[in-house]
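Counting begins at 1 with the first residue of the sequence. Indexing begins at 1, ligand by ligand and atom by atom, following the structure's order.
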Amino acid sequence: MTFRQARWDEPPIWDIGRASDEAAPVIPGLPERWHRKSPLQWPELSELEVLRHYTRLSQMNFGIETMTYPLGSCTMKYNPKISERLARLPTAAELHPNQPEETVQGALEIFWRLERALSKVTGFPEISLQPAAGAHGEYAALLMARAYFHDRGELETRTEVLLPDTAHGTNPASAMMAGFTAHEIRSRDGCVDVDALRAALSERTAAFMLTNPNTAGLFETEIPAITEAVHAAGGIVYYDGANLNAILGVTNPGRMGFDVAHLNLHKTFATPHGGGGPGAGVLACGDKLAPYLPVPRIAKRGRRFALDYDRPKSIGKIKSGYGNFGLDLRAYAFLLAHGEEGLRHISRRAVLNANYAAHKLGRHLPRPFRPLVKHEFLLSGAPLRQRGLRTLDLAKRLLDEGVHAPTVYFPSLVEEALMIELPETESRRDVDAFIAAVERSLADTDANLKTAPHNLAVGRVDEVRAARELLLSWRDLRSPGANLETPTPPATGP
Ligand SMILES: *Cc1c(COP(=O)(O)O)cnc(C)c1O
């Protein structure tokens, strides 16, 4: 299969249509002082012109609906159309977050039912759908840990969050934002070194954050010893469950002895990643931290549903509204469509895809860790150095094959890392095609690899120059003397 991406010289929509002088519409009931005085200056275009503009832009983009997207740690799975249809129903899409409770009983019931379903998935009794991303969930959970230690009079002493060297970048960032210091624990053979963890635990430990299966695609081998040691030191054990694709319906963080977890509905539960738009980083916890969950909580009173703000120990509100309803509805539809047995099947398929591809590609590039992987696996591009090449060159060359690049240079403990995830929505044909694309890329000439991509709307960018001479808008690019080459989208990465 040959791939040639469309190459439109498409200007911004503002430069296609003439700016209109139309006055802004007056919104009935809006106080006079908030009325817009200047014209809107929206570009005047026909429906067809708008449609062509966005269709052309989409043809210069990569997406799950046109190509395999093996971005490790990001779980780029297909978003089923049935979920999209449900979320677009006027009864769902046209709700207002501030509508009186008695007019949104159905939506509240869906929140409640999703919470119950996710309680089963995680093994934790209490759920909050409020956080808008995985990182937001981490941050909220660490604020809950603060409130917990405050109640115990230990806030002054418990200042440290520990995490393994395979942790996702958001973990230390969330710890710092929540007012803790972050300390790395080294791994041994890709898993937490329990002796190193024990040596770092103290009365200063607030929490240990663990991703499982971890970012090396391995199921941590010492979980009982880890939770026991952290609890003995008085700390909270946090489960980063952004990627639950390998354990759905098989095991869960509640059963493993953790105190709190976050899940990414926009990864495991097939809701859109949203291009920086809405996500959903659900929180799940046991009784220890439940009083501190953000308000509101969904309460079921007889047959009525309500938003409950009467939680005196809560860390408070962490975003407007409750959850991202459109995403929650999609995730609920996904859970209903698959059921418990279906979820187990998803896990088995994702794990099979990863192991199959790891086995085949392990013939070409070294695999840093040998044990059976879960939903994703690591390769090292270090041998490419003998050809004067890097992992980045392989990632760029893969784009020419019509597949998105894998995650690269993460986790940092693997030299020239490639992190590959092929979720259950990729068929055997897709996985074989991906393997063949990697093989063709590796067999290509050094010169071609170094200068790839060649078949895309934009070519390889001079990254040093791009960083030094930052141009942040289209207008900057078109000003006299500016470089007209547009930057390549970044190869990947969490
Ligand atoms: C994606 C991811 C996160 C962060 O989730 P966002 O929704 O992007 O904030 C955290 N941890 C892991 C392991 C992840 O893969």
Hey, is [X] touching ligand 1 through its side chain, its backbone, both or neither, going by heavy atoms under 4.0 Å?
X	result
His136	neither
Thr75	neither
Ala242	side chain

Contacting atoms of ligand 1, where contact means under 4.0 angstrom from a heavy atom of [X]:
X	value
Ala133	7 (O), 9 (O)
Thr211	13 (C)
Glu138	10 (C), 11 (N)
Lys267	1 (C), 2 (C), 3 (C), 5 (O), 14 (C), 15 (O)

When Phe325, Tyr332, Phe305 are each screened for ring pair (Phe, Tyr, Trp, His ring centres under 6.0 Å) with Phe111, the one that passes is Phe325

Kindly confirm or rule out an N or O of [X] lying under 3.5 angstrom from an N or O of ligand 1.
X	answer
Thr215	no
Ala135	yes
Asn243	yes
Asp240	yes

Cationic N near anionic O, under 4.0 Å, Arg460 to Asp393 =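 A salt bridge links Arg460 with Asp393.
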
Any salt bridge between Arg385 and Glu415, counting N to O under 4.0 Å? yes

*Do the non-hydrogen side-chain atoms of Glu340 and Lys120 ever get within less than 4.5 Å of each other?*
yes

- Query: Less than 4.5 Å apart, any side-chain heavy atom of Val414 and any of Met419?
  - Reply: no

Would you tabulate the side-chain donor-acceptor contacts of residues 281-295 under 3.5 Å, counting partners in other chains and residues two or more places apart, or write 'none'?
residue: Lys288; atom: NZ; partner: Asp259; partner atom: OD1; Å: 3.2
residue: Tyr292; atom: OH; partner: Asp151; partner atom: OD2; Å: 2.7

